[in-house]
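All residue numbers refer to positions in the sequence shown, counting from 1.
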Amino acid sequence: MRSWRVSLAAAILALLGAPLLALAPATARADIVVNVDQGATQPLPIAIPAFTGSPVAADMRKVIAGDLASSGLFRPLDPATFPAAPQDVNVRPTFDAWKAISAQALVTGLIGADADGHMRVSFRLWDVYAGDELVGQQFSSSPENWRRVAHKVADAIYEKLTGQHGYFDTRVIFAAESGPRGKRVRRLELMDQDGANARYLTDGTFPAFFPHFSANTQEVAYMSLRPSGSTIYLLNLETGRQEALGHFQGMMFAPRFSPDGDRVAFSAEKDGNTDIYVMNLATRSMTRLTTDPAIDTSPSFSPDGAQLVFNSDRGGSPQLYVMNADGSNARRISFGSGRYTTPVWSPDGKLIAFTKQNGQQFHIGVMNPDGSSERLLTDSYLDEGPTWAPNSRVIMFARDTGYGSHLWSVDVSGKVLAPSAYALGASDPSWSALLP
């Protein structure tokens, strides 16, 4: 029988959709705790006792456990069932006691202080059945940033056990919605990906739409409606400074940064025609990329900046197209039934997420950049506006069930669908890269 380490890797790969036979034939594996049964998965049981040494230890444990649970891959065990946790992170745990509560992985940690007053967090991740340490790391930060440290610990655990980068130490910007239908107040709001530390960035005097992060997470481009018309603004999150990108007589909307942050692509209406433009932020020179009489909108750069995906009704209904970054070689990639909108390229370049309307139902779906292997991940009264987590594993979007728009997320398997911890009205989410 193979070691638990192999069965754990196989279990995680099963959840991620990778073939188990790449590791070992089924008859040669140990029992797998995380099983796939007709599309249902059994998350991995993991014990996360409160770290020792600080009053914020219990809160930090909750953040780590919440992050891992939200991925759908892990099931943090109830602390009430725990045996006595090691008081020293350097002491080897008594693994039989953790086996007794069916823990397959164990996290131990210590919170201390450096001479300069910084908080120092050390943790270890243990393989309970093999009795091995899988990873040990240490983080240092100012005490008020304990939540970010907790997210970084969760990211390290996630990466070690899945082989993929974590996505917990990130932020989401979105249009917060309040007030009755027809009189919505729309303000930009920024929050941690788990809904914590939410704060408004605009006051709602003028409605805000379509916010999107730059790659360095320090700037946001968004559209605002003013009495003079629509304008795209650049907002620096560190300084609070904002400036208008430019002025058109018609509408300007759907801005997105290029991967290098040097350009912004957007849609603009001019002389009754809506096309895609790109502006060089250093020179403010602008280039028109599309000239079709149809409505071309929602541009999104590929991660290498060489291509753009967008939607256009030039074929009679909204469909997805890909073109080179200079506007050449535009070709249609969506050919299913229904209307395709709001495409966005995944950070790893392997997939394009989109909104699809088919009859009275809306879906969030994904396809390969050439349009092949389309899969619909959600089905609802109104799902729209996908945005990717930086590891290309999870998609956040806005869902309206008839009672207002709220944020939801779904993983690329379509098996883990959940509402955001932010429970108030919201739309147009944009997920940041991992924070520096």
Side-chain angles (χ1 to χ4, degrees), residues 118 141-149 151-152 167-179 184-248 251-266 268 278-284 286 301 385 387-390 396 398 407 420-422 424-436:
H118 276 65
S141 180
S142 55
E144 63 269 19
N145 285 333
W146 65 266
R147 289 188 62 91
R148 279 204 63 193
V149 176
H151 291 318
K152 287 183 176 294
Y167 58 93
F168 304 121
D169 186 28
T170 56
R171 292 174 179 161
V172 176
I173 192 168
F174 55 95
E177 300 184 3
S178 60
R184 292 279 197 230
V185 176
R186 294 175 61 94
R187 293 175 284 189
L188 290 190
E189 191 163 4
L190 180 70
M191 69 177 183
D192 296 350
Q193 57 78 29
D194 62 351
N197 295 323
R199 61 184 176 94
Y200 292 121
L201 301 176
T202 59
D203 62 11
T205 302
F206 304 108
F209 303 83
F210 311 120
H212 288 286
F213 277 107
S214 64
N216 66 7
T217 73
Q218 291 302 306
E219 286 193 302
V220 172
Y222 73 98
M223 166 198 158
S224 180
L225 283 177
R226 306 287 176 108
S228 58
S230 69
T231 303
I232 292 174
Y233 286 88
L234 301 180
L235 170 63
N236 187 294
L237 295 178
E238 185 174 351
T239 65
R241 181 178 180 272
Q242 59 180 329
E243 58 179 318
L245 188 64
H247 296 279
F248 270 64
M251 296 281 288
M252 298 177 66
F253 54 99
R256 284 188 186 270
F257 285 95
S258 61
D260 58 14
D262 293 341
R263 294 161 290 159
V264 171
F266 58 93
V278 64
M279 178 178 283
N280 183 301
L281 295 178
T283 65
R284 294 305 170 101
M286 190 160 55
F301 283 95
T387 181
W388 289 94
M396 187 175 289
L407 300 182
S420 167
Y422 182 89
L424 302 179
S427 62
D428 297 342
S430 176
W431 212 322
S432 79
L434 283 172
L435 298 177

Where the side chain of [X] meets the backbone of [Y], is there a donor-acceptor pair that is under 3.5 Å apart?
X: R199; Y: L190; value: no
X: N236; Y: T239; value: yes
X: D192; Y: D194; value: no
X: T217; Y: L435; value: no
X: S432; Y: T170; value: no
X: S230; Y: M252; value: yes
X: S214; Y: G261; value: no

Test side chain to side chain contact (heavy atoms under 4.5 Å, CB included) applied to Y222 and I173, T231, T202, L201, the passing residue: T202
Note: R241-E243 ion pair, threshold 4.0 Å (strictly below):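 Yes, R241 and E243 are salt-bridged.
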Distance-only polar pair, side chains of R186 and S427, donor-acceptor under 3.5 Å: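 Yes, a side-chain donor-acceptor pair sits under 3.5 Å.
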Flag side-chain contact, heavy atom, 4.5 Å: M396 against Q193: no
Any side-chain heavy-atom pair of M251 and L225 under 4.5 Å: yes
Residue R171 excluded, over 12 heavy atoms near CZ under 6.0 Å: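 Not buried by this count: 12 neighbours or fewer within 6.0 Å.
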From [X] [atom1] over to [Y] [atom2], what is the distance, rounded to the nearest 0.5 angstrom?
X: F209; Y: D428; atom1: CZ; atom2: CG; answer: 8.0 Å
X: E219; Y: L235; atom1: CD; atom2: CG; answer: 8.5 Å
X: W431; Y: W388; atom1: CH2; atom2: CH2; answer: 11.0 Å

Plane angle bin for F253 and F210 - parallel if under 30°, tilted between 30 and 60°, otherwise perpendicular: tilted
